[in-house]
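Numbering of residues begins at 1 and proceeds along the displayed sequence. Fair warning: this is a prediction, and the values are worked out from it, not measured in the lab.
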Amino acid sequence: MPGYNTILSQSIKHLCVRYSHSGRNKVLSKDVRETFIKFMKDKGHTFFPSSSVLPQNDSSLLFVNAGMNQFKPIFLGLLPSDNPLSTLKRVTNSQKCIRAGGKHNDLQDVGKDVYHHTFFEMLGNWSFGDYSKKTACELAWQLLTDVYQLPKGSLYVTYFGGDAALGLEPDFECYHVWRQIGVPEDHIFPFGVKDNFWEMGNTGPCGPCTEIHFDHFARHQGVPPAGQRINSGTPSLIELWNLVFIQYNRQPDGSLETLQNFHVDTGMGLERLVAVLQATMSNYDTDLFQPLFQKLHEVSSVRPYQGLVGSSDVGFIDTSYRLVSDHARMFTVAISDGVFPDEYDAGNTLRRVIRRALTAAKVRLKAPKGAVAFLVPCVVESLGDFFPELLKNAQMVIETVNEEEDRLLNQIAKGQRLLDRKRLNVKGNTLSGEVAWECYFVHGLQQDLIEDLALSYGLQVDWGVFYKKMKAEQKKSEAVDEKPQGYIPPVSPQLVDMLNQRGIHPTDDVEKYQYYSHNNEYEFLPVKTELLAIVKDNTLVSETPSESTCQLVVRKTNFYHEAGGQMCDQGRILGKNFSFKVKNVFALKGYIFHEGEVEFGCSQEGAVVQMEIDKNHRLGCMRHHTVTHLLNVALKRLLPKTVQKSSYVGPSYLRFEYNAKNVFQVEEVQNIEDFLTDIIRSDLKVNRSTMPLSIALQDDSLNTLQGEMYPDPVSVITIVDKEGHVVSKEACCGTHVLSTGDIGEVVLVSHQSIAQTRKRVHIVAGQEAKKILEKGDNMLSSTKSLSATINCMKLSKNNDFFELKNLMKRVKELKTCLMETVVPWTYKQIMTKDLETMDRQIMALLRFYNKHVLTGKIKEELTVHKDNRYAIAFLKTPGDDKQIIKLAGKELSVIPHMIFFHSAEDKKIVCHCYVPQNRASSTFNAKLWIKAVEELLEATVRSLGDADHICTVKGDKFQHLHKAVSAAHKFIESDYLVNR
């Protein structure tokens with residue numbers, strides 16, 4: 001009887017019948033997905049669409065890596081009541097997931113086996129405080145065995161076996177649930193934290209889990225028992241479905257905090273389920289990948305895909321088929337969700353994935369340029385019906401991949417030049433791991449390509465050193481991937497629950513939108529209300545004395561809490577006997593907390609208070625928020641593929657970050673400013689309306705931030721032009737001016753690339769923008785005036801040296817002023833270019849002066865000394881210090897000489913001394929000679945040479961020049977001439 005390894009090998013090679021030849025060939029992947037969602041909807045689950053693969057408001061992840069990511073606020077109990085997630089009890093969907101970085105990273109495994117992926121779909125169902133472990137297990141078992149009709153004898157389950165170090169008992173409740181369902185005891189196995197305690201990251205929601213595994217060899221003879229194969233990594237018995245019981249929240253210190261509500265989070269990879277239902281052990285032998293293989297074969301120069309792995313896959317052909325196809329799915333989804341290749345974070349991972357695919361296609365599959373982008377329509381055809389954003393962005397994906405291929409080919413050329421340089425230092429026939437790592441990490445070349453480049457030079461790569469460097473970088477990467485969370489409120493969800501238990505209702509903050517404008521003046525009426533709760537150090541207290549820092553909760557407020565990128569309000573809360581300065585405002589589960597300090601008196605629970613916001617602070621935020629909406633419109637009109645990533649709206653300026661391939665030029669930025677100015681001068685009404693979220697999202701003209709979670713009902717800000725055309729329509733909870741004319745002046749003050757495709761702009765509006773424009777106009781006028789002066793001097797052949805130096809100084813001062821002063825960005829670009837031109841023009845005039853004026857006059861001044869045995873002279877012709885010394889040395893090169901002149905740099909007196917080396921001695925040399933005058937001149941700076949035969953000093957005492965000349969004569973006449 002053949003052994004298990006033989007059976008496994010034969011099964012992978014021959015028995016994994018592809019879907020196109022299978023008896024189950026009518027079970028298509030889209031039907032599998034549809035069946036799952038329909039089953040869960042029939043069981044009372046609400047379908048909630050997949051989020052973007054870019055996490056929103058979660059800096060701990062590069063990509064969404066699990067179906068539960070978008071529901072994390074529910075698990076943590078941080079949702080306000082108007083969030084659409086807050087009403088959900090049972091949810092289902094198929095979530096787009098990417099695991100290519102951080103804690104869950106499958107990138108290096110893709111292609112090597114038949115079940116790892118960078119992109120996959122996570123079929124999931126969730127219970128938010130609704131049903132129990134029993135219901136979760138029953139639903140899973142019913143779907144797999146009754147609906148999908150998988151044989152019960154092929155299914156095995158695992159449960160959490162406990163962990164003494166964490167103080168966690170085995171999950172016997174789960175074990176008994178499976179026994180009650182009818183799973184045989186020998187089909188149930190306990191496992192530890194590694195396999196049956198699920199965590200999304202180093203921090204966050206987590207809990208014990210139970211997994212359902214499928215045994216492809218359930219009916220085979222001569223295979224090891226399931227207990228030996230389960231969780232062993234063998235493709236014969238695979239994990240199919242993971243049911244996580246969210247009970248804890250992992251803290252930054254590693255401890256586990258019990259969550260208030262019990263939740264269920266299940267996830268089943270669509271790719272694995274489809275493989276099982278299409279009777280194959282390989283995810284790649286399904287209708288999700290086979291069409292991609294066929295397309296690849298059409299354009300490549302190798303054999304068709306055969307499903308080989310390991311050593312049997314000679315030339316890594318099938319490995320490359322799998323890798324390229326998987327990566328094509330990943331980058332199509334990622335780019336469609338607004339990720340672009342870049343040097344940092346998610347963009348960097350995407351770039352590496354695209355380049356891995358390009359390299360494998362080129363090196364292993366012998367595919368021509370453009371072959372990888374050729375797969376995009378096939379991916380869209382496979383997934384576009386369920387994820388319509390792929391249909392919308394297909395062309396953008398193709399263009400992005402082709403551009404990245406062009407960039408890669410350019411970097412391959414750089415890699416070849418690098419090897420050309422480095423091979424001179426090669427020892428034997430080995431290319432060092434350091435050079436290989438430089439090719440990989442700096443120039444973006446993949447390992448296959450590095451190896452091929454090395455072989456073309458007859459070299460073997462030292463991969464040992466390379467992998468050490470890779471491991472070190474991965475540790476750094478993991479530290480970056482698991483980033484700390486952002487602002488953590490000083491109030492816990494448990495304390496918020498105490499407010500609710502006391503009968504304190506969530507804060508009414510509708511007054512934040514109650515303001516009006518009269519005679520171009522905005523009025524923000526104070527609100528009288530009751531102080532309901534005081535929080536000090538996350539504890540409810542009845543009062544706080546003067547100078548105490550705390551958080552106040554009132555019945556209703558007109559203060560805006562930070563949201564939608566807009567900074568919170570500031571102001572004061574005034575009681576009968578106290579004043580409280582509000583420095584920060586934040587919301588938690590519908591309660592608004594006003595954080596600040598008691599300025600005087602004593603704040604007391606139950607007091608009647610008056611809420612007064614800082615008018616100028618709020619108005620600044622309103623102006624900049626409305627400009628943010630208009631800027632978004634302007635950018636999309638100029639660059640249709642612009643994707644907003646984030647924004648900051650403050651009282652002094654706005655910051656807007658977006659993804660785009662191109663950097664704006666001066667003319668394009670001017671067009672943006674002109675567009676904004678036209679809208680502002682048109683004085684268009686800014687309207688706010690509230691509507692159900694479902695209705696708002698049906699409006700194609702509505703602009704939403706990709707992946708953002710909007711409240712329900714949602715506030716919509718609309719700006720319509722005089723003809724009734726919508727200029728801007730955006731879902732937004734922020735505060736805005738009532739008319740665009742109230743914005744005032746607007747100016748873009750900076751535009752920069754913070755990464756290859758990530759751009760950032762800063763804009764200032766209102767009175768401050770007017771001041772910036774005035775400063776810019778003044779500086780531009782000064783620049784033009786200086787340019788005119790220089791152009792006049794270009795016409796003259798007798799320019800004064802000090803005038804030229806003064807012009808150079810003025811150019812330098814303008815450059816410094818330009819760097820230190822906030823001026824319009826377009827002005828800065830124009831002035832920077834003009835000042836650089838002026839710099840070059842002045843340098844050209846100085847070169848002309850040195851050649852045609854200074855040279856002749858220095859020669860004339862020194863002619864009388866040429867036939868002397870030595871020379872001591874004071875030169876009156878002004879010029880550059882180095883140039884004067886150079887010219888003097890040329891004229892008096894054969895005799896000792898000492899020259900004095902005024903420095904053009906700082907007006908000091910320069911003394912330069914030179915003694916030919918053949919005439920220098922221990923008693924007479926440049927150092928000794930210059931020492932005779934150094935003290936008289938009070939020389940403090942030694943420059944332009946410091947050796948026995950040449951020396952230069954600078955001094956402050958010009959009035960001692962006559963004494964210095966006499967001393968120089970005395971020294972040389974008493975030593976040099978006497979001894980010769």
Side-chain angles (χ1 to χ4, degrees), residues 76-78 80-81 249 251-253 255 257 260 484-512 524-563 566-618 620-621 650-652 735:
L76 295 176
L78 300 176
S81 57
N249 183 30
Q251 299 298 305
D253 63 2
S255 62
E257 176 187 75
Q260 188 172 19
Q485 297 294 311
Y487 174 72
I488 301 175
V491 177
S492 69
Q494 289 77 8
L495 186 136
V496 176
D497 293 332
M498 290 176 63
L499 294 177
N500 188 40
Q501 291 164 12
R502 288 190 178 190
I504 298 175
H505 297 294
T507 311
D508 177 3
D509 66 342
V510 70
E511 296 284 345
K512 66 188 178 187
F524 302 91
L525 298 179
V527 171
K528 186 172 286 189
T529 186
E530 181 184 356
L531 177 54
L532 299 178
I534 304 173
V535 182
K536 173 72 174 171
D537 298 328
N538 199 34
T539 303
L540 289 171
V541 297
S542 59
E543 61 180 33
T544 48
S546 178
E547 298 184 0
S548 296
T549 298
C550 57
Q551 298 84 33
L552 305 185
V553 178
V554 296
R555 189 175 303 281
K556 62 179 180 177
T557 183
N558 55 348
F559 278 73
Y560 182 85
H561 67 82
E562 184 169 343
Q566 180 177 326
M567 187 177 178
C568 64
D569 278 334
Q570 295 179 357
R572 283 179 167 80
I573 299 177
L574 303 175
K576 185 176 181 182
N577 298 310
F578 75 91
S579 173
F580 182 83
K581 187 174 183 179
V582 179
K583 300 178 180 178
N584 184 34
V585 186
F586 61 91
L588 199 58
K589 299 179 76 170
Y591 293 89
I592 311 298
F593 293 85
H594 305 76
E595 186 173 30
E597 181 181 355
V598 181
E599 294 181 296
F600 65 82
C602 179
S603 64
Q604 292 183 321
E605 184 181 312
V608 175
V609 294
Q610 184 162 290
M611 315 291 291
E612 295 184 356
I613 68 170
D614 183 322
K615 172 183 173 180
N616 292 329
H617 180 96
R618 165 70 81 84
C621 291
S652 304
T735 59

Undergrad: Among residues at least two apart in sequence or on other chains, which ones pass side chain to side chain donor-acceptor pair (under 3.5 Å) with S542?
TA: none
Undergrad: Could you name each residue pair satisfying side-chain hydrogen bond (donor to acceptor under 3.5 Å, both in side chains) that touches residues 608-617, not counting sequence neighbours?
TA: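 Applying side-chain hydrogen bond (donor to acceptor under 3.5 Å, both in side chains) to every pair that reaches into residues 608-617, excluding sequence neighbours, yields E521-K615, Q610-E612.
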Undergrad: Taking only distance into account, with no hydrogens and no angle test, what donor-acceptor pairs under 3.5 Å do side-chain atoms of residues 494-505 form with protein atoms, sequence neighbours excluded?
TA:
{"from": "D497", "atom 1": "OD1", "to": "K589", "atom 2": "NZ", "distance (Å)": "2.8"}
{"from": "D497", "atom 1": "OD2", "to": "Q260", "atom 2": "NE2", "distance (Å)": "3.1"}

Undergrad: For the atom pair CZ (R555) and CD (E530), what is the distance rounded to the nearest 0.5 Å?
TA: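 Going from the CZ atom of R555 to the CD atom of E530 covers 4.5 Å.
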Undergrad: My understanding is that only residues two or more places apart in sequence, or in another chain, count here; which of them pass ring pair (Phe, Tyr, Trp, His ring centres under 6.0 Å) with F578?
TA: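 Result, ring pair (Phe, Tyr, Trp, His ring centres under 6.0 Å) vs F578: none returned.
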Undergrad: Can you list everything that forms a ring pair (Phe, Tyr, Trp, His ring centres under 6.0 Å) with F559? Sequence neighbours excluded, please.
TA: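 Partners of F559 by the ring pair (Phe, Tyr, Trp, His ring centres under 6.0 Å) criterion, ordered by chain and then number, come out as H594.
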Undergrad: Applying side chain to side chain contact (heavy atoms under 4.5 Å, CB included), can you list everything that pairs with N577, at least two apart in sequence or on another chain?
TA: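 N577 satisfies side chain to side chain contact (heavy atoms under 4.5 Å, CB included) with no other residue.
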Undergrad: Which residues pass the side chain to side chain donor-acceptor pair (under 3.5 Å) test with D537, not counting sequence neighbours?
TA: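 Per chain and number, D537 pairs via side chain to side chain donor-acceptor pair (under 3.5 Å) with no residue.
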Undergrad: Stepwise, does the side-chain hydrogen bond (donor to acceptor under 3.5 Å, both in side chains) test hold for D253 with S255?
TA: CA-CA 6 Å; D253 63 2; S255 62; 2.6 Å; yes
Undergrad: Kindly write out the residues that satisfy side chain to side chain contact (heavy atoms under 4.5 Å, CB included) with Q604, not counting sequence neighbours, or none if the list is empty.
TA: E543, C602
Undergrad: Please enumerate all residues that pass side chain to side chain donor-acceptor pair (under 3.5 Å) together with T735, with sequence neighbours excluded.
TA: Q566
Undergrad: Partners of D569 by side chain to side chain donor-acceptor pair (under 3.5 Å), sequence neighbours excluded?
TA: R618
Undergrad: Could I get the full list of ring pair (Phe, Tyr, Trp, His ring centres under 6.0 Å) partners for F580, not counting sequence neighbours?
TA: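 For F580 there are no ring pair (Phe, Tyr, Trp, His ring centres under 6.0 Å) partners, ignoring immediate neighbours.
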Undergrad: With sequence neighbours left out, what residues match E605 under salt bridge (charged side-chain N to carboxylate O under 4.0 Å, His left out)?
TA: none
